[in-house]
4 protein chains.
Amino acid sequence: MPPRVSVIGAAGFGGALAARLLYGHPSFELVAVTARSDVGRRLDDLYPHHRVPLVLEELDLDRHADVDAAVVAYPHGAAAPVVSALIEREVRVVDLSADFRLRDVAVYGEWYREHLAPELIGDAVYGLPEIYRHALAGADLVANPGCYPTATLLALAPLARAGVIDDVVIDAKSGVSGAGRAATEKTHFVTVDENVSAYGVPRHRHTPEIEQELAALGADLRVTFTPHLVPLDQGELVSCYVTVTREVDSGELEALYRDAYEAEPFVELADRPPGVRDVRETNFCRISLHRDERTGRVIVFGVIDNLWKGAASQAVQNLNLMFRLPEGEGIS
Amino acid sequence: MPPRVSVIGAAGFGGALAARLLYGHPSFELVAVTARSDVGRRLDDLYPHHRVPLVLEELDLDRHADVDAAVVAYPHGAAAPVVSALIEREVRVVDLSADFRLRDVAVYGEWYREHLAPELIGDAVYGLPEIYRHALAGADLVANPGCYPTATLLALAPLARAGVIDDVVIDAKSGVSGAGRAATEKTHFVTVDENVSAYGVPRHRHTPEIEQELAALGADLRVTFTPHLVPLDQGELVSCYVTVTREVDSGELEALYRDAYEAEPFVELADRPPGVRDVRETNFCRISLHRDERTGRVIVFGVIDNLWKGAASQAVQNLNLMFRLPEGEGIS
Amino acid sequence: MPPRVSVIGAAGFGGALAARLLYGHPSFELVAVTARSDVGRRLDDLYPHHRVPLVLEELDLDRHADVDAAVVAYPHGAAAPVVSALIEREVRVVDLSADFRLRDVAVYGEWYREHLAPELIGDAVYGLPEIYRHALAGADLVANPGCYPTATLLALAPLARAGVIDDVVIDAKSGVSGAGRAATEKTHFVTVDENVSAYGVPRHRHTPEIEQELAALGADLRVTFTPHLVPLDQGELVSCYVTVTREVDSGELEALYRDAYEAEPFVELADRPPGVRDVRETNFCRISLHRDERTGRVIVFGVIDNLWKGAASQAVQNLNLMFRLPEGEGIS
Amino acid sequence: MPPRVSVIGAAGFGGALAARLLYGHPSFELVAVTARSDVGRRLDDLYPHHRVPLVLEELDLDRHADVDAAVVAYPHGAAAPVVSALIEREVRVVDLSADFRLRDVAVYGEWYREHLAPELIGDAVYGLPEIYRHALAGADLVANPGCYPTATLLALAPLARAGVIDDVVIDAKSGVSGAGRAATEKTHFVTVDENVSAYGVPRHRHTPEIEQELAALGADLRVTFTPHLVPLDQGELVSCYVTVTREVDSGELEALYRDAYEAEPFVELADRPPGVRDVRETNFCRISLHRDERTGRVIVFGVIDNLWKGAASQAVQNLNLMFRLPEGEGIS
């Protein structure tokens, strides 16, 4: 019998995609999808292209916690209580929100709000398989990384581990699906079309998450992180401008990344700056490295699909690890 | 002293553009902009690219009717009472809504709702200058045409007048600004981007307006009209497939259109199918004619900018006529 | 041993996608990809997102015809001689060009050019599985349909078979990938972006293909077919306006389509007008039906992905049938 | 009699727009447009939306140098000989190429090629009116700035003059018109659509131009400059991440920019990060300032329309200054 899973919060972009991936997954059985809006509507009516013929239900823990695992796709703050209730019922959880990503509850409080389930923070594993693969195997609670941290950390991890990052500017460009399904002035077609602008300046909430994980890798510093909205649907590019602590020549640079990623199934190294189209609708992160001889800076570009590797397919990758299934099952 | 004008309902796309055009108009003085939302916000904060440094005010007829003319940009149904109040105070009005376009109050009732100022219908002039120029000169109440009727009527008028239209299929494609400023699932970037689909099938409200005006030109028939949403901001293309009552050869076809439009300042005839980019941010309508030898059908394409010739700049063109100013002033 | 296949002409959009689908296909072995340009370049360098690690080779029939089957993706006219050479070497072929779609060589001559392998026309099966499934099983030469005919014929087949089509206007909207990989003024981003216009007016080459197949289904008439270019990548919508020979009520209409398609794995019936996003990167055709009570017309919308169901995935669907494999293998 | 001008190289995007602006200019008479391609074609056939009814001619200095001034829009390298010939005939020139922007011929040689008219370099005035207004008044040869330098220098000039720039990372995002009219794989719609990627890494040719002018303002340093291509037509955003030599508080920051720009007719200061839509089809540069308290960095965003302020309308602004006309004439 395959493990039974539910998606809690499947009306949004990330949850709906997780439902699609799990519905087609050979080793999981998707038994329910719940939502806080659009209850009673079929998911394939809301998202025809996902072709999931299930009806969105109101969350009822008595029924929906009768599963082996759940993907929770609630907004920050709303997720913690639900995750807590699920864990209590011995449901294993991948949480797409930020609620269990930050290990320091005070930092969470400063950037988000009061934490509603602080006792669980210590149990959560940060769900970036390329870094925490061993801890994810068999884990019960996984905090799925933010989309920007996913791309940024994969782009910078080899440099962070090598201890050569003195300072870094991260300029990110994201498609509109990253802003979520809510219809607002910001997501109106006419606002976005033929436009590009920065947002969340100068304090975007993914900053402390990036800093926490860079520090864990050996680079304890304050980063400058600025996201921009670009007129496309899915896809995210991070351009990382690294001031190095010592000269890093091209040979060393390439060796650092080759060693880190040549065995990774979902990280690709490219000769040229990658485009977000290269990874659209995939779980891949594609990275290129450049050294500016004139300034000594190292420039690293990383692209992901924000809804896939930046959210839903990475959640499935984590579920695979939690259940000791082949890591790429259902997402390749 | 230039005539003083106000824009009633300047928070939406059409009203805001009318405000911009009037603010820069050499012969009108824009004295106020009102809105039902965003009151207190500066228009150049809401629409930086229009650069109109006026504050949106709540409508106060005692103050805002103290003008020579007003452009009213309210939704259908909401416009009639305001227009009525303005006319009562001897303010001349260009109304962007559908409220005074249909001459038969029963038809209005069937396609929209109960009419709230039926006594004014008979006084309104349909604001398509290329057809009603003489009646518009000096008019007090002008019903600005819908965007689809504007393009369609200009594309078909010469054929209608010649009495050769037996049947017509009108397939229209519009940018998203035509759906208005309201943020909805329909106008969300992710819904529209990389997409194209029909809407309002099979009964879009512009149908009776098109039929009324075609009949007035001599073509009394029921049309098939289907609009589609395409992933762009401003612009609208109508593709008109005309079954003719008798053979119309290329020479006659060209003569009909040349005679109708060669003296028109805002209608252009093109050799090739026009694109909506050709008329973006202009008051032009651009038209091309084609004859399908195999079927005998006549195909006419017409493009306009739905916010300009399809709404705001045509409103200013009408205002110019009402005040007997040069027709293209402020919109060329 | 799985059948061995090659893709002849894999540098273009259609051939490259066919290569990707066959590279990942569980029952075929892709042994070579050839091209007339970019020889020596790896396909995953040219199309990173397809992830096919093969090198484009110059065509050498001695080597590349040593396969069980080939997909030929050459331009019209260039395909016939290569297909002829392959068939002579007993290679089974799916041809993506128009060269073997028209059964009447004179019609081909009128719309395209002199035919270079007319002796093979009689052997070719028209590769629309929903209509010619039985003939495709075991076939040696399949003419893959054009993208517009694919969508149009699926949208109209039930009406054609019922004998109720008196006249039809087909207004099509296609993404830019349909124009191919050649960089021209027409495919330049700045030409297409924020634009929409008709092209191929009034004689697009897909017209006789549509007419031939409608006639075979029972509707012998001349159609009006007009394609438009819309600012998106992949996807195609056909809006079909059918004048019927007799009244067809909603019940009959729905029954006709349900009977035709309820068992079809790749045709979906929708309640609302479908969008091209609904079928992006799939082999599905999605159709909706509407009846205009006012005019009696029947309106049918059909959407496909022009590179998938309109070209490469339909080619694989045909290959599956030719080799009596499950029809959806490798494309679901 | 108004000064007579010609545009040399009007088939490209920048030259064509310059022709449009000069054709409609109240104080210049556009007498000829020349091109190296499309000779004999009318400009309003090539660019319908510009509505310039002149025929593109082959350059003939005997005729086309019989003017008071010329805008030269040739590629780098090709411009210098033509500019030289025009200057010799006492035609005043605004050159849109890079040929006369760099004051050090060796730097030009390193980043471009051998200079073909080095004797003129010393006579050229760098055409950024906000910085060189006095030198431009009455000048005979103006080197119109590159689009990226225009936005970057306006964004950074107040900080450079204040001597507080220690280091700067400039991450730029540009629409596709910046890549020019040539149809290439890079400008194909399918390449750009739903994509974003860096290019010219790590040595884009605008780098030395930015460094030269920053040095002239007081900031002698090596910059990191990386442009990205985003899926839109016209518009350019530069995100400048400045490491400061000393703490600069918000009050000082705002004062620096207010003092620099409050009297500038074409520079706007914004409270929020500007979008490129804010300045589309205008000569404006719009700037916002931000201070990251956590890192001490100053972040400055600047947006322009790359074809307007980044090329053609700035060329007209310069022509106005050269002929001592009102600076905004014909471009407001």
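Note: hydrogens, waters and symmetry copies are ignored here, and every other heavy atom, side chains too, is used. Residue numbering restarts at 1 for every chain, and letters A, B, ... go by the order of the sequence lines.
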Closest heavy-atom contact between C/His49 and A/Arg277?
CB-O, 3.6 Å
Least distance between heavy atoms, C/Arg51 atom then A/Asp278 atom:
NH2-O, 2.8 Å
Counting heavy-atom pairs under 4.5 angstrom with chain C, the leader among A/Glu281, A/Arg272, A/Arg286 is A/Arg272
Select one option (side chain, backbone, both, neither) describing which atoms of A/Tyr47 are under 4.5 Å from chain C's heavy atoms.
neither
Considering only heavy atoms, which portion of A/Asp45 lies under 4.5 Å from any heavy atom of chain C: side chain, backbone, both, or neither?
both
